[in-house]
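A quick write-up on the structure given underneath.
Convention: sequence-line order gives letters A, B, ...; per-chain numbering from 1.
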Amino acid sequence: MMIRTNSLLHHAFFKLNCNFITNSLTTTPLSSSRFTPHFTSLASLLHSTSFSNNGDRPLLSRYQKVTKLDDAFNLFDEMILRKPLPSVIKFNQLLSAVTKLNHFSSCLHLFKQMCVVGVPVDAYSMNIAIKCCCQMSRTNDGFALLGCCFRRAVVPNVFTFSTLLDGLIREDRILEAERLFKKLIKQKLCEPDVVMYSTMIKGLCKFGNNDIAIGLLRLMDERGCKPDIYAYSTIIDSLCKDKMIEDAFKLFNEMVFAKGIQPDVITYTSLIHGLCNLCRWDEVSKLLKEMEGDVRISPDIQTFSILVDAFCKEGRVDEAEAVIDIMVERGEVPNIVTYSSLIDGYCLRGEMIKARTLFDSLTSKGLVPNVVTYSSLLNGYCKTFKIEEALKMFHEITRKGLKPSIVAYNTMLQGLFMVGRCGDVRKLFDEMRSQGLIPDECTYRIILDGLCNNHKVDEALSLFHLVGDSKLNSDIVVYTILIEGASKCGKLDIARDLFHDLTVKGLQPDVRTYAVMISGLCREGLLTEAKHLFCKMDESGCPQNSVTYNVLLQGYLKNQNYDDVVMLLQVMDGRSYSLDASTLSLFIDRISAGSLDRSMLKLIGKLVPKELMDTLA
DNA sequence: CTAGGGTTAG
């Protein structure tokens, strides 16, 4: 295959390491638009329950009471001047307080000072310092501190190793984590306890090894280390994220009924999240009820935020707003995550005034928008073709000291393509790469789709061939984009070849692939072949939907082939499908031209969705 | 008296 070196993005993609991209894939969940009557009752359920909030706090010493960084430094300065020095315990309490304020580098600074002035640092101090390193994704420095332990005759313990294990896992260094875990057991450097097992379980889950994680859960139990709610919740959450909700409930039931461990708000929240992702609203409602029935637990800000997000993704922002009202009534303060979801909900509906008003009000609520918040706005502006406003916000990200993420770039690339600004796409793509961001599968799809829609199908195809037989190209969406692109510009042979390649690669065409291919065949007047493919869908395990029916009908109407039209309409009526706007306008066109009988109007009328009626009226 | 693990957004 000839490679045109001057083609758009060609050069940049050539330099990519495809394995690296595909290893860090992010899939965006598709939002469904199903009507969900249960949300309203769900909201009222939340409304009717009484509120419970923070309990009493234990008395804290002066060293633990620190709420501001300055106080900590002042106290520390005071402490090191005292003679004799306060006990290491007091220092540790201070370090711990600073850690809880998330000031990890300051904590490390204080730790170093302690060493300098001769505080006899112990395992507690070491472990806090190591934890700070790990929290800042500097686990290697944590290991360096482990070396210091040996030099200072401080004996590392199971806390030390759990912290380091967690650090490796946070940095996605799963192989090293496994190696460390095995080494600790083999060389009897420490006896793993429930926390260490749970940490390793988290690592396994993070890399999709749910089965091995469950195996480790069994193993710890056999070894006399009883799994607790953390161990169970970690796996339950992971199963939920992988949409294996039945397995999650199996484990949940085992935990509750066989082990007698009471679930808490986090366990419930994970399950609710999993059910929301699968649009299983009845069960969400049931689980919320179950949770509300337990006096020990009530939904917290995260539970609420998940519900807000789920409502917004369904386009039901009214309910999302209602949930926010309820949480406020219950004394929870919505945070930036909660509001970002709502902003995203407005943006998805193209309600940019509302989105922007809320966005602008965040500062007065004491909240700082982050790159996710910005990305939602970018998306909204791009989808409503307000590209200049989107670019303005995109530049504001950097001005506010944030770094645009791959998602922000992807959104802008897509927006620029939508308005045909291919040159600017190229510039932004280069900028993204120069920022060290690696294009992901979404970038790839956006570029292919953008090229196809901007009369650059050849470039899309050559990019596709350049990427070659990689994970990026083992993607049904990529194929669907190219099949559509090729057939729309008259390259039906290429579209057919691509469609054929699917089976060779073991990829299953989905309902959109079929729709695009059928549409392509109809465009060339190949109605028999189109009909054949249409009929093949069922036996290929991909049942037709409303869209495929519309596509085939349009093909028939455009080619003035009316034999099967009534039959198709009748099936559609039987399945409660409806006609989309373009199919309907073709019908009206053909009927007014006299090529179709008016008697069909009654059937057609039944197939016009109410929303379309409203817009026509 | 002080140290380690599980849930939220594009």
key: Partners passing side-chain hydrogen bond (donor to acceptor under 3.5 Å, both in side chains) against Gln113(A) (at least two apart in sequence or in another chain)   = none

request  = Measure the spacing between CG of Leu184(A) and CG of Leu189(A) and express it to the nearest 0.5 Å.
outcome  = 5.5 Å

message = For the backbone of Thr139(A) and the side chain of Glu171(A), can you confirm whether one donor and one acceptor N or O come within less than 3.5 Å of each other?
response = yes

query = Does any donor-acceptor pair link the side chain of Ser233(A) with the base of dG6(B) at a separation under 3.5 Å?
reply = yes

message = Once hydrogens and angles are ignored, does a donor-acceptor distance under 3.5 Å link the base of dG4(B) to the side chain of Asp193(A)?
response = yes

query = Which heavy-atom pair separates Phe181(A) from Pro192(A) by the least distance, and what is that distance?
reply = CE1-CB, 4.4 Å

task = Spell out yes or no: do the side chain of Ser162(A) and the base of dG4(B) have one donor N/O and one acceptor N/O closer than 3.5 Å?
result = yes

note = Considering only heavy side-chain atoms of Thr234(A), the closest of dA3(B), dG6(B), dT8(B) is dG6(B)

inquiry  = Under 3.5 Å, is there any donor-acceptor pair linking the side chain of Asp122(A) to the base of dA3(B)?
reply    = no

message = Using a 4.0 Å heavy-atom cut-off, does Asp228(A) contact any base of the nucleic acid, only the sugar-phosphate backbone, or nothing at all?
response = base

ask   = According to the 5.5 Å centroid and 30° plane-angle thresholds, does Tyr230(A) stack upon the nucleobase of dG6(B)?
value = no

ask   = Whole Å only: how far is the CZ atom of Phe104(A) from the P atom of dA3(B)?
value = 14 Å

query = Contact class for Asp237(A) vs. all strands (heavy atom < 4.0 Å): base, sugar-phosphate, or nothing?
reply = sugar-phosphate

Asn92(A) CG to dT2(B) P, straight-line distance once rounded to whole Å = 10 Å

task = Looking at every strand, decide which applies to Lys206(A) at a 4.0 Å heavy-atom threshold: base, sugar-phosphate, or nothing.
result = nothing

task = Heavy atoms only: give me the nearest Asp141(A)-Cys133(A) pair and the separation to one decimal.
result = CB-SG, 3.9 Å

remark   = The side-chain contact (heavy atoms from CB on, under 4.5 Å) partners of Phe73(A) (sequence neighbours excluded) come to Leu69(A), Ser106(A), His109(A), Leu110(A)

ask   = Taking only side-chain nitrogens and oxygens of Ser96(A), does any of them come within less than 4.0 Å of OP1 or OP2 of dA3(B)?
value = yes

query = Within the pair Lys131(A) and dA3(B), is there a side-chain N or O less than 4.0 Å away from OP1 or OP2?
reply = no

query = Closer than 4.0 Å, any side-chain N/O of Lys100(A) to the OP1 or OP2 of dG4(B)?
reply = no

remark   = Rounded to whole Å, CG of Asn157(A) lies from C1' of dG5(B) at a distance of 15 Å

request  = Can you figure out which of dA3(B), dT8(B), dG5(B) approaches the side chain of Asp166(A) most closely?
outcome  = dG5(B)

query = Which part of the nucleic acid, if any, lies within reach of Leu164(A) when heavy atoms closer than 4.0 Å are counted: base, sugar-phosphate only, or nothing?
reply = nothing

request  = Specify the residues of residues 252-273 of chain A, ordered by number, for which at least one heavy atom lies under 4.0 angstrom from an atom of DNA chain B.
outcome  = Asp264(A), Ile266(A), Thr267(A), Thr269(A), Ser270(A), His273(A)

ask   = Under 4.0 angstrom, heavy atoms only, what part of the nucleic acid is Met126(A) near: base, sugar-phosphate, or nothing?
value = nothing

ask   = If only side-chain N and O atoms of Gln64(A) are considered, is one of them under 4.0 Å from the OP1 or OP2 phosphate oxygen of dT2(B)?
value = yes

query = At under 4.0 Å between heavy atoms, what does Val308(A) touch on the DNA or RNA strands: base, sugar-phosphate, or nothing?
reply = nothing

Side chain to side chain, Ile169(A) and Lys206(A), heavy atoms closer than 4.5 Å = yes

key: Rounded distance (Å) that lies between atom C1' of dA9(B) and atom CG of Leu358(A)   = 13 Å

request  = For Val158(A), report the nucleic acid contact type (base, sugar-phosphate, nothing); a contact means any heavy atom under 4.0 Å.
outcome  = base

query = Looking across every strand, which nucleic acid part, if any, lies under 4.0 Å from Ala408(A) by heavy atom: base, sugar-phosphate, or nothing?
reply = base

ask   = Do any N or O atoms from the side chain of Ser238(A) and from the backbone of Thr234(A) form a donor-acceptor pair under 3.5 angstrom?
value = no

Euclidean distance, atom OH of residue Tyr346(A) to atom C1' of dA9(B) [Å, nearest integer] = 15 Å

key: Whether over 12 other heavy atoms sit under 6.0 Å from Lys286(A) NZ   = no

task = Using whole Å, report how far CD1 of Ile128(A) lies from P of dT2(B).
result = 10 Å

ask   = Side chain of Ser198(A), base of dG5(B): donor and acceptor closer than 3.5 Å?
value = yes

task = Let me know the distance between CG of Leu216(A) and C1' of dG5(B), rounded to the nearest Å.
result = 13 Å

ask   = To the nearest Å, how far apart are Ile406(A) CD1 and dA9(B) P?
value = 19 Å

